[in-house]
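These notes are about the structure you will find just below.
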2 protein chains.
Amino acid sequence: MYLVNEKEYNCSVAVTLDIFNDRWKLSIIWHLLNGDMRFKDLHETVNEITQKTLTVKLKELEEKKIIHREVYAEVPPKVVYSLTCSGKKLKPVLQEMYKWGIDYVQECGKITNDHVCKSSIL
Amino acid sequence: MYLVNEKEYNCSVAVTLDIFNDRWKLSIIWHLLNGDMRFKDLHETVNEITQKTLTVKLKELEEKKIIHREVYAEVPPKVVYSLTCSGKKLKPVLQEMYKWGIDYVQECGKITNDHVCKSSIL
DNA sequence: TCTATTACTTACCTAAAAGAAAGTAAGAGT
DNA sequence: ACTCTTACTTTCTTTTAGGTAAGTAATAGA
């Protein structure tokens, strides 16, 4: 049995799935893989996320030690988010998701034009 | 732009994340990677899922052509679920999640005893 | 003094996900 | 005739996630 944050799991996949069972966390990680970002950047980049949800999700990720929050004593405020070591290790997971998405679109969807994301992480 | 089921995405990761943004689908896939299963088997194996939720999630996965549903004309009923080609291709995603989980537990959790899942897929 | 900027918080509300519990259909076995 | 089994469906309720909109703090610059 695995014990993480007072929860028990009988499989390490369950640990991972339990952390990332929402709409936003992996999306945030995906963007942070391209480099550190401020709150505002994430708010603008992560598709349609609201400020409140972003705050909540960032807090959860920080508590789980997947991202790091660095506050600068400036005005207006500056807070930079970056991936921890654990966070960076999610890269292969997202790369496989990226690949699967492309494959799935080829079978069950279509590409409508060329405005496709150019992530530098691949 | 990618178009899948009348939805638009600008990144293939978004396609994947949008399909698997719930608590259950990837967990179901994970179990099906070990072999085809009947409804009852999944209900017993997938941790704590209710019948209703299982029905809903299986239907969603079937609509998205990630699993296949085979009905046998028997009494009592027999319905066997299996992964489609797209479904099977999720294996690398889940393998990376499995690895990440183990790594994460080592940094942020602990292993309490030896009752850990022995999946044959790795 | 007034406005702009950033990173939030707060209060309230809605929609979606999920759970609980019971019911159904269709025979097969006793 | 009665029970058992499987794979559901149905209804009703609860929980959770997430959205909206407004407010706040601190200071720099016009």
Side-chain angles (χ1 to χ4, degrees), chain A residues 5-7 9 14 16-32 35-64 66-83, chain B residues 5-7 9 14 16-32 35-64 66-83:
Chain A
N5 299 132
E6 274 118 73
K7 281 189 182 178
Y9 305 89
T16 311
L17 290 176
D18 193 41
I19 293 174
F20 299 106
N21 66 8
D22 67 345
R23 268 224 272 302
W24 302 111
K25 291 198 210 82
L26 278 179
S27 209
I28 291 168
I29 306 291
W30 173 250
H31 287 281
L32 286 175
D36 301 354
M37 293 178 100
R38 298 177 63 169
F39 184 89
K40 196 187 172 242
D41 301 326
L42 283 166
H43 182 42
E44 285 166 1
T45 320
V46 177
N47 204 35
E48 309 284 287
I49 197 168
T50 61
Q51 282 192 325
K52 188 197 148 193
T53 304
L54 182 56
T55 317
V56 170
K57 296 300 161 183
L58 289 170
K59 203 168 287 175
E60 285 176 25
L61 286 167
E62 196 199 354
E63 278 168 12
K64 292 177 180 359
I66 293 164
I67 63 172
H68 172 71
R69 183 172 178 270
E70 185 86 28
V71 184
Y72 293 80
E74 294 177 14
V75 169
K78 180 176 171 184
V79 178
V80 175
Y81 293 92
S82 56
L83 295 172
Chain B
N5 299 130
E6 274 117 74
K7 281 188 182 180
Y9 305 90
T16 311
L17 289 176
D18 193 40
I19 293 175
F20 299 105
N21 66 7
D22 68 343
R23 269 222 273 300
W24 302 110
K25 290 200 212 82
L26 277 179
S27 208
I28 291 168
I29 306 292
W30 173 251
H31 287 282
L32 285 176
D36 302 353
M37 292 178 100
R38 298 178 65 171
F39 185 88
K40 195 187 174 242
D41 301 327
L42 283 165
H43 182 42
E44 285 166 0
T45 321
V46 177
N47 204 34
E48 309 284 287
I49 198 168
T50 60
Q51 281 192 326
K52 189 196 147 194
T53 304
L54 182 56
T55 318
V56 170
K57 295 301 162 183
L58 288 171
K59 204 168 286 175
E60 285 176 24
L61 286 168
E62 195 198 354
E63 278 167 13
K64 292 178 180 0
I66 294 164
I67 63 170
H68 172 70
R69 183 173 180 269
E70 185 88 28
V71 183
Y72 293 80
E74 294 178 13
V75 170
K78 180 176 172 187
V79 178
V80 175
Y81 293 93
S82 56
L83 294 172

Legend entry - Check: Asp41(A) and Asp36(A) side chains under 4.5 Å, non-hydrogen atoms: no

Legend entry - Below 4.0 Å: OP1/OP2 of dC8(D) and any side-chain N or O of Tyr81(B): yes

Legend entry - Side chain Lys25(A), main chain Leu61(A), donor-acceptor under 3.5 Å: no

Legend entry - Spacing between Asp22(B) atom CG and dG18(D) atom P, to the nearest angstrom: 12 Å

Inset, instruction - Check whether any side-chain N or O of Trp24(B) sits under 4.0 Å from OP1 or OP2 of dA18(C), and answer yes or no. - result: yes

Inset, instruction - Evaluate the criterion salt bridge (charged side-chain N to carboxylate O under 4.0 Å, His left out) for residue pair Glu63(A) and Lys59(A); output intermediate values, then yes/no. - result: CA-CA 6 Å; Glu63(A) 278 168 12; Lys59(A) 203 168 287 175; over 6 Å; no

Legend entry - Residues within residues 48-64 of chain B bordering DNA chain D, heavy-atom distance below 4.0 Å: Gln51(B), Lys52(B), Thr55(B), Lys59(B)

For residues 66-77 of chain A, dump all side-chain donor-acceptor pairs below 3.5 Å to protein atoms at least two apart in sequence or in another chain.
from: His68(A); atom 1: NE2; to: Glu70(A); atom 2: OE1; distance (Å): 2.8
from: Arg69(A); atom 1: NE; to: Tyr81(A); atom 2: OH; distance (Å): 3.3

Inset, instruction - Could you check Glu60(B) against Lys57(B) for salt bridge (charged side-chain N to carboxylate O under 4.0 Å, His left out), going step by step and ending with a plain yes or no? - result: CA-CA 5 Å; Glu60(B) 285 176 24; Lys57(B) 295 301 162 183; 3.7 Å; yes

Legend entry - Interatomic distance where CG belongs to Asn21(A) and P belongs to dT15(D) [whole Å]: 18 Å

Inset, instruction - Taking the side chain as every heavy atom from C-beta outward, state whether Leu32(B) and Leu42(B) have any pair of such atoms under 4.5 Å apart. - result: yes

Inset, instruction - Whole angstrom is fine here: how far is it from NE2 in His43(A) over to P in dT5(C)? - result: 14 Å

Inset, instruction - Strictly below 4.0 Å, heavy-atom distances to any atom of DNA chain C: list the hits from residues 73-80 of chain A, or just say none. - result: Pro76(A), Pro77(A), Lys78(A), Val79(A)

Legend entry - Distance test, side-chain N/O of Arg38(B) to OP1/OP2 of dA7(D), below 4.0 Å: yes

Inset, instruction - Could you tell me whether the phosphate oxygens of dA7(D), OP1 or OP2, come under 4.0 Å of any side-chain nitrogen or oxygen in Lys40(B)? - result: no

Legend entry - N/O (side chain, Arg69(A)) to phosphate O (OP1/OP2, dC8(C)) under 4.0 Å: yes

Legend entry - Least distance between heavy atoms, Val46(B) atom then Ser27(B) atom: CG1-OG, 4.2 Å

Legend entry - Nearest non-hydrogen partners of His43(B) and Thr50(B), listed with the distance: CE1-C, 3.9 Å

Legend entry - Whole angstrom value for the distance that separates P of dT5(C) from CZ of Phe39(A): 16 Å

Legend entry - Test side-chain contact (heavy atoms from CB on, under 4.5 Å) applied to Thr55(A) and Phe39(A), step by step: CA-CA 8 Å; Thr55(A) 317; Phe39(A) 184 89; 3.8 Å; yes

